[in-house]
Amino acid sequence: MKEKVLSNKKNGMAVLIGTVLLYLVGIAGIIFGAVNEMPVLLIAGIVWICIGWIPLCGLKVLKPQEALVLTLFGKYVGSIKGEGFYFVNPFCSAVNPAASTRLNQSGDVDNVGKGSSAMSMLFGNKSAVEETQETGKKISLKIMTLNNNKQKVNDCLGNPVEIGIAVTWRVVDTAKAVFNVDNYKEYLSLQCDTALRNIVRIYPYDVSANVDTTGDGIADEGSLRGSSEVVAARIRDEIQRKVEEAGLEILEARITYLAYAPEIAAAMLQRQQASAIIDARKMIVDGAVGMVEMALERLNEKEIVNLDEERKAAMVSNLLVVLCGSKEAQPVVNSGSLY
């Protein structure tokens, strides 16, 4: 399906003014024909009063970044885009299968009370339900944000994680959006879910050894937490590839929520804490050994005291206890001789 934009239809005001003038002429003709006993003029005026409203059904008002997809007896005749006052075939009907779809996204608002037909503005004979249906047939061309619900997905190591994304998108081809898929909003939401699962299962939550996330056969340091920009870009490309035929453009995808699933969150927190403690202890020990080594070298250089191997071992033990201990050491002062 190829989109056809009807760009030469912005003559709604002329049709509206002409129709109103013809109504005035018809009323004058009825009065003049009745007074002067001219049945032809009287009948013509009555017929026009009865059917003259039909052209008003073809008047359409569009605001910026809105579009209407028009069909005539089931055949696609074209789309009108951009702000303006349009006149189209009165028997054309607007099509938007996603008009009543409400997702967790921007732009899905209730438009009760906002009519778009010029006939409604002129005569005021449309109900609120009809006005809502007319407005709902419009397709928004604005940039919109879809915030899908959080999903529980297993990463490449089998750990369940909860992740949510926000996708920024817009309609670029109204014909494809309306006719190529049943409901382009639901289609987009479903494709976001599947693309998210396909990409998340490639990455571990944290950096892990011997994991290839790029597909080149070489282990790398990619992870959901550390490579969020790369993961989001791959999710965006995956969604774009799936919604191309629906006439949608994916501008951006962002990870809005990322955490371990509740059933393993506590265990993974303990694991992270243990890893952090081990790293901290390693750093403390490395620093303590260096300080002990420096202390012995300085004592030997200055020849402050001569220590045998046994006393050096005791000094090293005491210094390590003081430097590596988690609590402050309680010193013992020796007031006697060294030996």
Side-chain angles (χ1 to χ4, degrees), residues 1-19 54-101 103 105-109 111 114-122 126 130-146 167-189 191 236 239-252:
M1 181 63 66
K2 186 177 180 180
E3 183 183 50
K4 295 184 293 183
V5 180
L6 306 177
S7 58
N8 59 343
K9 300 294 183 179
K10 288 188 179 182
N11 45 13
M13 185 57 68
V15 174
L16 177 61
I17 294 175
T19 304
I54 294 179
L56 297 177
C57 295
L59 299 178
K60 307 293 181 182
V61 177
L62 291 183
K63 293 179 288 187
Q65 296 297 319
E66 287 184 343
L68 275 176
V69 177
L70 303 174
T71 59
L72 180 61
F73 305 123
K75 181 181 178 181
Y76 172 62
V77 296
S79 303
I80 53 178
K81 291 182 175 182
E83 71 277 11
F85 195 9
Y86 294 85
F87 174 74
V88 296
N89 191 323
F91 297 100
C92 285
S93 59
V95 182
N96 183 7
S100 59
T101 302
L103 300 177
Q105 65 178 21
S106 61
D108 283 340
V109 295
N111 291 315
K114 299 179 181 178
S116 63
S117 173
M119 180 182 177
S120 174
M121 294 185 291
L122 185 62
K126 271 198 173 185
E130 290 173 336
E131 288 178 352
T132 304
Q133 292 175 349
E134 180 72 17
T135 304
K137 297 300 183 180
K138 295 179 181 178
I139 298 177
S140 176
L141 304 179
K142 301 175 183 177
I143 297 175
M144 304 180 70
T145 301
L146 171 63
V167 177
T168 304
W169 65 282
R170 64 182 175 186
V171 177
V172 293
D173 192 310
T174 56
K176 288 183 178 180
V178 170
F179 298 114
N180 281 10
V181 294
D182 183 56
N183 187 318
Y184 65 88
K185 289 184 180 179
E186 292 182 352
Y187 181 79
L188 172 64
S189 179
Q191 297 305 323
R236 178 215 169 272
I239 300 174
Q240 181 62 67
R241 187 164 56 253
K242 293 179 179 294
V243 301
E244 190 75 33
E245 288 300 318
L248 306 180
E249 180 185 6
I250 307 301
L251 302 176
E252 189 180 37

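Computed over heavy atoms, backbone and side chain alike; hydrogens, waters and symmetry mates excluded.
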Q.
Run F85 and L59 through side chain to side chain contact (heavy atoms under 4.5 Å, CB included) and show every step you take.
A. CA-CA 7 Å; F85 195 9; L59 299 178; 3.8 Å; yes
Q: Assess whether side chain to side chain contact (heavy atoms under 4.5 Å, CB included) is satisfied between L188 and I239, documenting all intermediate values.
A: CA-CA 8 Å; L188 172 64; I239 300 174; 4.1 Å; yes
Q: Evaluate the side chain to side chain contact (heavy atoms under 4.5 Å, CB included) criterion for residues Y76 and E3: first the C-alpha distance (whole Å), next the side-chain angles of each, then the deciding distance (0.1 Å), finally the verdict.
A: CA-CA 9 Å; Y76 172 62; E3 183 183 50; 3.9 Å; yes
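Atom CG in L68 sits 4.5 Å away from atom CD1 in I80 (nearest 0.5 Å). To the nearest 0.5 angstrom, R241 atom CZ is 11.0 Å from R236 atom CZ. The structure places OG1 of T19 at 11.0 Å from CD1 of I54, a figure rounded to the nearest 0.5 Å.
Minimum heavy-atom separation, L62 to K138: CD2-CE, 3.9 Å. Here the closest non-hydrogen pair linking L146 and S189 is CD2-CA, 3.9 Å. Closest non-hydrogen pair, A177 versus V171, comes out as CB-CG1, 4.1 Å. For the residue pair P90 and P55, the shortest heavy atom distance occurs at CG-CA, 3.9 Å. Of all the heavy atoms in E186 and T101, the pair that sits closest is CG-CG2, 3.9 Å. Nearest heavy atoms, K81 versus V172: NZ-O, 3.7 Å.
In this structure, the side chains of L72 and F91 come closer than 4.5 Å at one or more pairs of heavy atoms. In this structure the side chain of L141 reaches within 4.5 angstrom of the side chain of T174, judged on heavy atoms. You'll find the side chain of I143 reaches within 4.5 Å of the side chain of L251, heavy atoms only.
Atom CG of N8 has more than 12 neighbouring heavy atoms from other residues, nucleotides or ligands inside a 6.0 Å radius. Around atom NZ of K142, no more than 12 heavy atoms belonging to other residues, nucleotides or ligands sit under 6.0 Å away.
Between the side chain of Y184 and the backbone N or O of F179 there is no donor-acceptor pair closer than 3.5 Å. At distances below 3.5 Å, at least one donor-acceptor pair connects side-chain atoms of K10 with backbone N or O atoms of E83.
Remark: S140 engages no residue in a side chain to side chain donor-acceptor pair (under 3.5 Å) (not counting sequence neighbours).
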Atom pairs and distances, donor-acceptor, side-chain atoms in residues 243-250, under 3.5 Å, two or more places apart:
unit_1 : atom_1 : unit_2 : atom_2 : d
E244   : OE1    : Q240   : NE2    : 2.9
E249   : OE1    : R170   : NE     : 3.0
E249   : OE1    : R170   : NH2    : 3.2

